[in-house]
Amino acid sequence: MADDMEEIHHASFERNHLSKPDETQNNGPVIRFFLCFSLIRNTNRILDTARSSTRCHHIYQWHEGVEYVVGNAFILSSLQARFSFEIIANATLSVDTGLLVSYLSIRHMKKTGGKLSLSKFYFLRFWRLTPTYAFVLLFYMQITGFLGEGPIWFLFQRNRACEKYWWTNLLYINNFYPTKFSNACMEWSWYLANDMQFYIISPLILFAAYRETSENEEESILYEKPYTRVASYLVGMVLGYVLQSEKSWKTSKGITYIFNVIGWCLTTAISLSTVYGPYKTGRKHFTSAENIMYGTLECFGWSLALAWVIFACHRGLGGLVNSILSAPFWIPLSRLTYCAYLIHLILLSVRTGSLESLANTYSDIHVAFTFAGVVTLTYGIAFILCVRVEYPMLELGNLIFGKQLR
């Protein structure tokens with residue numbers, strides 16, 4: 001049972017490549033301890049594309065990281081008024097998912113007759129996220145102030161929010177306390193708190209599903225709170241349940257074809273309206289009714305669109321889309337997404353704080369070069385963080401529990 005529990009522990013940032021048989025298991029504990037920090041060994045595991053369930057989701061993990069980085073990089077740019085920039089301006093839609101928690105947990109429960117060890121379920125999740133998170137948090141508090149220079153760098157040198165509220169991050173309550181988004185430490189880590197809170201309540205849904213089969217006030221109130229994003233997480237959990245249950249579904253080719261066409265048409269319409277719907281706000285504010293409608297349905301609609309793409313690819317209905325999304329080269333990039341998410345705004349802070357002038361010099365060429373530089377540097381440093389902190393801690397978990405964490 002423990003062997004399967006560790007697999008669940010990786011649900012949100014899937015690490016199936018760690019489940020491969022390890023020839024070092026016969027070594028003594030001292031050798032295995034030092035091997036946890038092996039650069040070559042950890043690099044090979046990042047680059048391993050041999051095993052992965054639901055392959056098409058890897059590009060979404062990588063895309064989530066890139067879009068979030070770019071969205072934060074240019075959120076203050078005058079380019080955000082462009083229609084073509086809406087896909088970047090709505091980057092926050094990319095962070096909500098509950099698919100793998102549901103998919104892997106229900107698969108585990110089917111093997112164990114509905115049993116789920118909650119102590120391991122929660123502790124391994126904490127172990128999965130916290131060591132790397134704590135390392136980046138410490139680096140952000142103590143080192144970032146020495147990385148840049150410039151006329152406005154003094155604004156970035158002392159982080160009073162982290163000095164006062166760093167502990168809320170490690171308890172995963174920083175999306176509720178401090179109450180103002182602008183007072184939080186590592187503001188962009190609000191979603192880790194959301195994700196942990198969703199994870200805590202997920203067993204209620206998992207047990208029910210198993211039985212069935214057998215920086216402003218708006219940000220403080222809406223943007224970072226779990227109750228405004230739980231719909232997306234639930235869509236992912238329902239999809240995980242469906243993917244575990246659909247293997248017995250049988251339909252005729254005609255019905256399948258019609259179902260597929262309708263699904264892709266609705267998905268295209270929903271995704272485009274979700275991403276480009278707010279374009280009107282660049283020229284004219286939404287009415288109250290429009291604000292309520294869009295604010296209520298945007299995350300839910302986007303999640304439904306992504307859920308269909310993953311479902312269609314899983315059922316063999318994706319065609320060329322599935323060939324692109326399931327390409328093996330997305331897998332290593334997706335494994336760096338967690339670390340990229342943690343460090344990207346540190347790099348952006350250094351970049352912004354080191355500017356000698358705040359004059360608006362944005363252009364298409366400027367954005368293209370900045371995009372390439374920011375993403376490349378973010379994922380390069382994420383790779384170092386991954387092989388030197390994240391994966392060694394996962395391997396230490398293997399050593400402590402005597403099982404392969406997956």
Side-chain angles (χ1 to χ4, degrees), residues 64 67-77 80 88-96 126 129-130 132-145 147-148 152-201 215-233 278 281-282 285-286 288 291-292 294-296 298-299 338 340-353 355 358:
E64 286 169 7
E67 186 160 300
Y68 205 74
V69 170
V70 179
N72 281 317
F74 303 117
I75 196 64
L76 298 180
S77 168
Q80 63 181 317
I88 301 300
N90 288 287
T92 58
L93 290 172
S94 64
V95 298
D96 302 304
F126 184 84
L129 295 181
T130 306
T132 308
Y133 187 18
F135 178 88
V136 174
L137 178 63
L138 181 64
F139 183 93
Y140 180 61
M141 292 173 58
Q142 304 297 331
I143 306 298
T144 302
L147 298 181
I152 63 170
W153 183 246
F154 71 94
L155 297 173
F156 297 85
Q157 285 186 305
R158 184 171 184 183
N159 195 319
R160 297 183 183 276
C162 283
E163 291 175 2
K164 189 174 182 180
Y165 296 115
W166 61 269
W167 55 273
T168 64
N169 295 66
L170 299 182
L171 292 179
Y172 297 94
I173 60 172
N174 52 299
N175 58 335
F176 282 108
Y177 186 80
T179 55
K180 291 189 66 175
F181 181 77
S182 57
N183 290 338
C185 176
M186 286 179 60
E187 298 100 318
W188 66 97
S189 64
W190 62 268
Y191 186 71
L192 290 181
N194 268 1
D195 189 75
M196 181 63 77
Q197 291 154 16
F198 293 152
Y199 198 84
I200 289 172
I201 65 172
E215 149 135 322
N216 48 38
E217 201 61 29
E218 179 183 350
E219 289 174 325
S220 300
I221 297 174
L222 299 176
Y223 178 68
E224 59 175 340
K225 295 300 186 284
Y227 46 73
T228 64
R229 294 182 175 271
V230 69
S232 301
Y233 198 84
T281 60
H285 289 299
F286 275 165
S288 296
N291 250 331
I292 293 172
Y294 183 80
T296 302
E298 60 166 334
C299 292
Y338 177 50
Y341 169 79
L342 288 176
I343 58 100
H344 78 283
L345 263 176
I346 298 177
L347 299 179
L348 293 174
S349 297
V350 173
R351 169 184 171 272
T352 303
L355 293 175
L358 292 179

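Just so it is clear, the model here is predicted, and its values are computed rather than measured. Just so it is clear, the values below take in all heavy atoms, side chains as well, and ignore hydrogens, waters and symmetry mates.
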Legend entry - For the student: nearest non-hydrogen atoms of Asp195 and Tyr233, plus distance: OD1-CE1, 4.0 Å
Legend entry - Set of residues satisfying side-chain hydrogen bond (donor to acceptor under 3.5 Å, both in side chains) with respect to Tyr133, sequence neighbours excluded: Asn169, Ser189
Legend entry - Least distance between heavy atoms, Ala184 atom then Ala161 atom: O-CB, 3.6 Å
Inset, instruction - Verify the neighbour count for atom OH of Tyr165: are there more than 12 heavy atoms of other residues, nucleotides or ligands below 6.0 Å? - result: yes
Inset, instruction - To the nearest 0.5 Å, tell me how far Thr352 OG1 sits from Leu347 CG. - result: 10.5 Å
Legend entry - Reported CD-to-OH distance for the pair Gln197 and Tyr191, which is rounded to 0.5 angstrom: 10.5 Å
Legend entry - Closest contact, heavy atoms only, Leu129 versus Tyr338: O-OH, 2.6 Å
Inset, instruction - On the 0 to 90° scale, with breaks at 30° and 60°, tag the Tyr177-Trp167 ring pair as parallel, tilted or perpendicular. - result: tilted
Legend entry - Any Leu342 side-chain heavy atom under 4.5 Å of Leu192 side chain: yes
Legend entry - Over all atoms of both residues, closest heavy-atom pair of Trp190 and Tyr341: N-OH, 4.2 Å
Legend entry - Beyond-backbone contact of Thr168 with Cys185, side-chain heavy atoms, under 4.5 angstrom: no
Legend entry - Nearest-0.5 Å distance that lies between atom CD1 in Ile346 and atom CG in Leu137: 8.5 Å
Legend entry - CE on Met196 to CD1 on Ile173, rounded to 0.5 Å: 12.5 Å
Legend entry - Nearest non-hydrogen partners of Ser182 and Glu187, listed with the distance: O-OE2, 4.2 Å
Legend entry - Heavy-atom side-chain contact between Trp166 and Leu138 under 4.5 Å: no
Inset, instruction - Could you tell me whether a side-chain N or O of Trp153 sits under 3.5 Å from a main-chain N or O of Val350, the two making a donor and an acceptor? - result: no
Inset, instruction - Determine the interplanar angle of the Tyr140 and Trp188 rings, folded into 0 to 90°, and report it as parallel if under 30°, tilted if 30 to 60°, perpendicular if over 60°. - result: perpendicular
